[in-house]
Amino acid sequence: MVASDFDTTRLGKTGLKVSELGLGTWRFGHEDDQGNIPIGKERAHTLLDRYSSLGGNLIDTANVYGEGLSEQYIGEWLEDYDRRDFIIGSKIYWPTRDTDPNASGLNRRHIRNQIDKILSRLNTTYLDILYVHRWDETTDVGTVMRTLTNLVSDGKVNYLGFSTSIPNAWRVVRANEYAKKHGLEPFSIVQPQYNLVTRQIESQYLPMCRTYDLAVTTWSPLAGGFLTGKYSRSGTKQEDARGNRDDYFEDRYLTEANFKILDAVREVSNEEGISPTQVSLRWLIENEDVSAPIIGARTVEQLEENIKSTTVSLSQNHITQLDKSGDWSGY
Ligand SMILES: NC(=O)c1ccc[n+]([C@@H]2O[C@H](COP(=O)([O-])OP(=O)(O)OC[C@H]3O[C@@H](n4cnc5c(N)ncnc54)[C@H](OP(=O)(O)O)[C@@H]3O)[C@@H](O)[C@H]2O)c1
């Protein structure tokens with residue numbers, strides 16, 4: 001391993017130590033709404049090379065990212081590296097075969113089918129973390145927890161994670177209480193969305209994580225790039241930005257409420273002399289409830305800028321100013 005730019009941080013009570021920022025690979029092999037794949041294999045390998053050369057060890061993927069290409073690119077890349085140097089997480093839930101109504105969710109059949117495909121694409125015998133990508137209310141909680149526990153007993157998975165879009169704390173607690181009562185493996189890591197314009201987890205979910213010692217890895221820390229400051233109220237400035245390529249982006253992120261929060265980020269950025277990107281990422285790193293935000297990057301320049309957020313600082317006044325941006329009182 002080369003000298004690290006990262007400090008390591010504890011992944012909750014798992015005993016694992018990971019770099020302060022994980023590398024997300026959602027966009028590896030991902031076809032955008034115009035039919036282009038901005039991160040093909042070569043670029044993916046360059047990003048992984050740079051991340052690992054800076055000391056990063058936490059790699060996040062999912063069985064559906066790039067319809068399996070994300071895992072495949074990582075697996076091919078690992079051939080030149082020592083698998084033991086990385087903590088790799090993947091996920092199961094979303095459909096993998098349009099014609100098969102059982103090839104989705106958390107039924108036993110789908111989980112068992114998928115785990116071997118994931119390991120094969122990743123060119124490994126084990127996953128460090130297997131997340132349920134979403135919870136599946138159509139499968140009995142006992143079936144899910146027993147199936148997942150068996151994967152841990154078989155040595156195919158080391159830790160279980162619970163990823164979510166709508167942060168329903170009760171679902172995690174219900175599953176873990178079931179596991180505890182029946183001597184099964186509980187979820188020890190969660191992955192909700194969290195960034196300066198998406199803070200719903202603060203009222204119930206993060207306190208739940210604190211109470212139950214759950215590690216928190218968070219997704220979309222820059223709100224898909226919105227918090228870099230490259231979007232303006234009058235429209236996107238950069239042609240190749242995600243906001244020009246993904247239909248959902250405008251409704252989700254380019255709102256006046258979010259631009260007001262971005263105004264606060266820009267103010268702090270000017271006063272601290274660091275970029276809005278680094279302000280936004282640093283605010284997350286400073287949060288003691290968060291183990292490791294999972295960053296996305298389309299270019300090496302973006303990756304390097306994002307990783308620099310591990311070396312900058314924010315004054316307590318500025319953290320408070322950012323905490324107060326936006327109105328989260330309704331959650
Ligand atoms: N568990 C889940 O359900 C879930 C859901 C979503 C994501 N995730 C995980 O979280 C990871 C990160 O999500 P994300 O990609 O949405 O993260 P993000 O950090 O919020 O957004 C990343 C995007 O922002 C832009 N960007 C990043 N750094 C930049 C910089 N320095 N300057 C300018 N633009 C920059 C790039 O897009 P452009 O350059 O194309 O604009 C980049 O692809 C994913 O890869 C995945 O592993 C998990």
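Every number for a ligand or one of its atoms is a count from 1 in the order of the listing. The figures that follow rest on heavy atoms only: side chains count, while hydrogens, waters and symmetry mates do not. Numbering starts at 1 and runs along the sequence shown.
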Side chains of [X] and [Y]: is there a donor and an acceptor less than 3.5 Å apart?
X: Ser90; Y: Thr61; result: no
X: Asp327; Y: Ser329; result: yes
X: Ser275; Y: Glu305; result: yes

Using a 4.0 Å cutoff against the non-hydrogen atoms of [X], which atoms of ligand 1 qualify?
X: Asp60; result: 9 (C), 46 (C), 47 (O)
X: Arg245; result: 38 (P), 40 (O)
X: Ala223; result: 20 (O)
X: Ala241; result: 41 (O)
X: Gly24; result: 11 (C), 44 (C), 45 (O), 47 (O)
X: Lys91; result: 1 (N)
X: Ser163; result: 1 (N), 2 (C), 3 (O)

**Prompt:** Closest heavy-atom contact between Ser104 and Trp94?
**Reply:**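 Heavy atoms only, the tightest pair is CB-C, 4.2 Å.
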**Request:** Taking only Lys NZ, Arg NE, NH1 and NH2, and the carboxylate oxygens of Asp or Glu, determine whether Arg233 and Glu256 approach each other closer than 4.0 Å.
**Result:**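 Looking at Arg233 and Glu256, the cut-off is met.
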**Asked** Between Lys181 and Glu177, is there a salt bridge with N-O shorter than 4.0 Å?
**Response**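 The answer is no: the pair does not qualify as a salt bridge.
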Examine the proximity of ligand 1 to [X] and report which part, side chain or backbone, both or neither, has a heavy atom under 4.0 Å away.
X: Thr228; answer: side chain
X: Gln193; answer: neither
X: Thr25; answer: backbone

Quiz: residues 147-155 side-chain donor-acceptor pairs under 3.5 angstrom, not counting sequence neighbours:
residue: Thr147; atom: OG1; partner: Arg108; partner atom: NE; Å: 3.1
residue: Thr147; atom: OG1; partner: Thr143; partner atom: O; Å: 2.6
residue: Thr149; atom: OG1; partner: Met145; partner atom: O; Å: 2.6
residue: Thr149; atom: OG1; partner: Glu185; partner atom: N; Å: 3.0
residue: Asn150; atom: ND2; partner: Arg146; partner atom: O; Å: 3.4
residue: Ser153; atom: OG; partner: Thr149; partner atom: O; Å: 3.0

Decide whether the shortest distance between a heavy atom of [X] and an atom of ligand 1 is less than 4.0 Å.
X: His133; answer: yes
X: Arg134; answer: yes
X: Tyr65; answer: yes

**Asked** So Tyr205 and Tyr331, ring-ring contact (aromatic ring centres under 6.0 Å, His included) or not? Walk me through it.
**Response** CA-CA 10 Å; Tyr205 202 82; Tyr331 293 98; over 10 Å; no
